[in-house]
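Hydrogens, waters and symmetry mates are skipped; everything else that's a heavy atom, side chains included, is used. All values reported here derive from a predicted model rather than from experimental measurement. So that the names make sense, note that chain A is the first sequence line, chain B the second, and so on, each numbered from 1.
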2 protein chains.
Amino acid sequence: MARRQLPPLNALRAFEAFGRHGRMTLAAEELCVTHGAVSRQIRQLEDHLGVALTEGPRSRLRMTEAGLKLAQALTPAFDQIAAASPRRAPDGPRPLVVSCLPTFAMKWLIPRLPGFQATHPEIPVRVAESNGPFDFKADGVDLAIRMRPIGDDRSDDSEVTPFMDHFHGPVMAPERARAGMDLAEVLALPRLLTRTFVESWSDWALGLAVEDLPAPASEQEFDHYFYMLEAAAAGLGVAIGPWAFVQRDLASGRLVAPLGFIPGRSRIVALTPIEGGSPRALAFRDWLLAEGASTPLPPQAACDSRGGR
Amino acid sequence: MARRQLPPLNALRAFEAFGRHGRMTLAAEELCVTHGAVSRQIRQLEDHLGVALTEGPRSRLRMTEAGLKLAQALTPAFDQIAAASPRRAPDGPRPLVVSCLPTFAMKWLIPRLPGFQATHPEIPVRVAESNGPFDFKADGVDLAIRMRPIGDDRSDDSEVTPFMDHFHGPVMAPERARAGMDLAEVLALPRLLTRTFVESWSDWALGLAVEDLPAPASEQEFDHYFYMLEAAAAGLGVAIGPWAFVQRDLASGRLVAPLGFIPGRSRIVALTPIEGGSPRALAFRDWLLAEGASTPLPPQAACDSRGGR
DNA sequence: CGGGCCATGTGAAGAAACCTCACAGAGACC
DNA sequence: GGTCTCTGTGAGGTTTCTTCACATGGCCCG
């Protein structure tokens, strides 16, 4: 008689967070619980569905294809729920609202936020994740972080402050890579794309001074950057990963970048209202500049603009 | 640090079910819990959000506008989750799959299903709710229920069996209605539409031999029939309601139909595969015919084809 | 107008789910 | 081999959810 037979919702939420972060420990942090709780929830979900959602050794867990598919559907569903749920007005002072690309927030900004809080404990920060355009006034945004082509630093209603260069390169699971892999080999692998930045491959090729990329073995498109990167980690193919997004996964060995990284045609910029940028927003911008300057640069590209071996 | 601050998910599920059914008791039945549990969940959700989601006396509860907005967003989100969640294969015999319009399922078919089960306990039935086209083989559908214009009883791949006539008329909350209300008064009210049947008003006007409807005070469109009807019950305006869908709400007084009902240009039909319709599907079709014949007809239309007073 | 009916609100107690703590196992890296 | 990181798990406590039974309040009908 039940119209729907939904899996346990809390387990779905836990798995969705795991899907985005790629590690239970991080998902647990987001949900404000211990890693054990997340482990149990995901286990419960797998039992309920009768499908393996994770695979690999405990120390380097990845999603199965079924898991990736489920997580990709869950993220927009929960986003929709979050967007539709009115929030009661907070008691404290209005936080500084920073609009940011979701993956940049997760992989770069949020891990560094405690540093900002340490220097400016009086400024509460709220990160609003968004890919698209925004309006300072209508959306209550104080500062936005976006990608901008180099040179395109003019805007009618915002001041553009580049604070970090953008390097990118092909990344994949260690099992797919070989020592001394060359360009042709990489291009022969299945390619992974993200809908939020479909030009990634052509942009990267342009940086290599390669006009036309050969057709790939296959292509697969994802709705979000982080799912594309998780798919790469799961061994489904090769993705163009921005240095800032994959730095930690490279360090931990979940991903490798056999061709290294090259500078992209964009920079990561902070946007502030052209007039009346609040002191708090300017303080945040200054902190971004300092953090950008102290972020390590990628290793020397193993494959420079001459291409191939 | 939490990326999202989602309300309690189980409370959202309870409220979503309440939103579709319009009554806690029915929602509780769907969720296989008692009405008290649903009542508490919704109360918890209202406390969490700090927003009233329901209003009106206990015996005739309705959603507030905020509640309607939330419920409308939750339904597709949960649908998406349900669609993405793989289900383990059931143990028992393959059930008879009946594809049906969601609102017809909820308001007419499901309340009568126990009657079918009583006569045919050996045939398990699964109701698959769907608005769109379907494929008997690809979707595993044994029988489908759809609306069909009268006379359009031919089909390449299915046998069409009309089993119930379609009557419709404007319905609204009792507070919006007056005794002796006439056509002009009804047409002056805010109009409610549903995306799944946008022609409802023009179809109804055609039945009245009225060529052009005057522009309404305002229009509001909903994604589902049942939300449009809930909006009508909440007093947001007037909707064209099919007799089969609103019969129970009229009986209970949640809705009134001051102009009565007139025959529509469609009939409700059962579709079975043109060849190899299983005996189980035919048994179900026969049962539909009997149920359709025994469904009471609407009261005499207070407003016939001459229109107005 | 009073009794019956229906649907929801609620107190208290029991049931279920969840979380934490602490430790174990398993790779990875040096 | 030692150490670090991350996940799996047993036991036990805590919170949350449900149920049952009854109360409340509106509607209908005679």
Side-chain angles (χ1 to χ4, degrees), chain A residues 6-15 17-19 21-48 52-64 67 111 173-175 230 233 248-256, chain B residues 2 6-15 17-19 21-48 52-64 67 173-175 230 233 248-256:
Chain A
L6 285 174
L9 294 174
N10 293 317
L12 289 173
R13 168 166 51 186
F15 178 68
F18 167 74
H21 289 101
R23 294 213 306 272
M24 290 197 188
T25 310
L26 296 181
E29 205 171 292
E30 171 179 315
L31 300 171
C32 303
V33 294
T34 60
H35 74 91
V38 174
S39 170
R40 283 180 149 73
Q41 293 278 28
I42 293 179
R43 174 63 182 282
Q44 184 202 351
L45 184 59
E46 289 184 321
D47 287 351
H48 181 93
L53 300 171
T54 61
E55 64 183 356
R58 293 199 254 218
S59 54
R60 191 169 289 181
L61 211 56
R62 300 172 315 198
M63 280 190 281
T64 61
E175 303 90 75
E230 288 304 313
R248 286 164 169 249
D249 286 327
L250 292 171
S252 76
R254 273 170 47 95
L255 290 172
V256 295
Chain B
L6 286 174
L9 294 174
N10 292 316
L12 288 173
R13 169 167 49 186
F15 178 68
F18 167 73
H21 289 102
R23 294 214 308 271
M24 290 196 189
T25 309
L26 295 180
E29 203 171 292
E30 172 179 317
L31 299 170
C32 304
V33 293
T34 60
H35 75 90
V38 173
S39 169
R40 285 180 146 76
Q41 293 277 27
I42 292 178
R43 174 63 183 280
Q44 183 203 353
L45 184 58
E46 289 185 320
D47 287 351
H48 180 93
L53 299 171
T54 60
E55 65 182 357
R58 291 199 259 221
S59 55
R60 193 169 289 180
L61 212 56
R62 299 173 315 198
M63 280 190 280
T64 61
E175 305 90 74
E230 288 305 312
R248 285 162 170 251
D249 287 325
L250 293 171
S252 75
R254 273 171 45 95
L255 289 172
V256 296

Can you tell me the distance, in whole Å, between the CD atom of E55(B) and the C1' atom of dT8(C)?
15 Å
Closest contact, heavy atoms only, F15(B) versus L53(B)
CE1-CB, 3.8 Å
Atom-to-atom span, CG of N10(B) to P of dT15(D) - whole angstrom:
18 Å
Are the ring of H35(B) and the base ring of dT8(C) both nearer than 5.5 Å at their centres and tilted by less than 30°?
yes
Could you tell me the separation between the CG atom of L9(B) and the P atom of dC18(C), rounded to a whole number of Å?
11 Å
Of the options dG9(C), dC17(D), dT7(D), whose atoms approach the side-chain atoms of Q41(B) most closely?
dC17(D)
Whichever of V33(B) and L26(A) has its nearest DNA chain D nucleotide further upstream toward 5'
L26(A)
Figure out the CZ/P separation between R62(B) and dC27(D), and round it to whole Å.
11 Å
Taking the nucleotide of DNA chain C with the closest heavy atom to each, which residue, A11(A) or G22(B), is nearer the 5' end?
G22(B)
Lys/Arg N to Asp/Glu carboxylate O, E175(B) vs R60(B), below 4.0 Å
no
Taking only N and O in the side chain of R60(A), is any of them less than 4.0 Å away from OP1 or OP2 of dC29(C)?
yes
Quick one: is T34(A) getting a side-chain N or O under 4.0 Å of the dT20(C) phosphate, OP1 or OP2?
yes
Counting N and O atoms only, with roles assigned by atom type, does the side chain of E55(A) sit under 3.5 Å from a partner on the main chain of T64(A), one being a donor and the other an acceptor?
no
Option passing side-chain contact (heavy atoms from CB on, under 4.5 Å) with F18(A) (candidates L61(A), T25(A), L45(A))
L61(A)
Provide, to the nearest angstrom, the distance between the CZ atom belonging to R254(B) and the P atom belonging to dC27(D).
14 Å
Using a cut-off of 4.0 Å on non-hydrogen atoms, how would the nucleic acid contact of T25(B) be classed: base, sugar-phosphate, or nothing?
sugar-phosphate
As a quick check of understanding, evaluate side-chain contact (heavy atoms from CB on, under 4.5 Å) for N10(A) and Q44(A), giving each step before the final call.
CA-CA 10 Å; N10(A) 293 317; Q44(A) 184 202 351; over 6 Å; no
For R40(B), which contact category applies under a 4.0 Å heavy-atom criterion: base, sugar-phosphate, or nothing?
base
How close or far is atom P of dT5(D) from atom NE2 of H21(A), stated in whole angstroms?
19 Å
Ignoring backbone atoms, test whether R43(A) places a side-chain nitrogen or oxygen under 4.0 Å from the OP1 or OP2 oxygen of dT9(D).
yes
dC6(D), OP1 or OP2 - any side-chain N/O from R23(A) closer than 4.0 Å?
yes
With respect to the phosphate group of dG8(D), does any side-chain polar atom (N or O) of S39(A) fall under 4.0 Å of OP1 or OP2?
yes
Go through dC29(C), dC18(C), dG8(D) for me and flag the one nearest to the M24(A) side chain.
dG8(D)
Could you tell me how far apart L255(A) (CG) and dA28(C) (C1') are, to the nearest whole angstrom?
16 Å
The side chain of L61(A) is closest to which nucleotide in this list: dG27(C), dT7(D), dT18(D)?
dT7(D)
Output the rounded distance in Å from CD (E29(B)) to C1' (dT8(C)).
16 Å
Within less than 4.0 Å of OP1 or OP2 of dC17(D), is there a side-chain N or O belonging to Q44(B)?
yes
Are E30(A) and R13(A) within salt-bridge range, i.e. N to O under 4.0 Å?
no
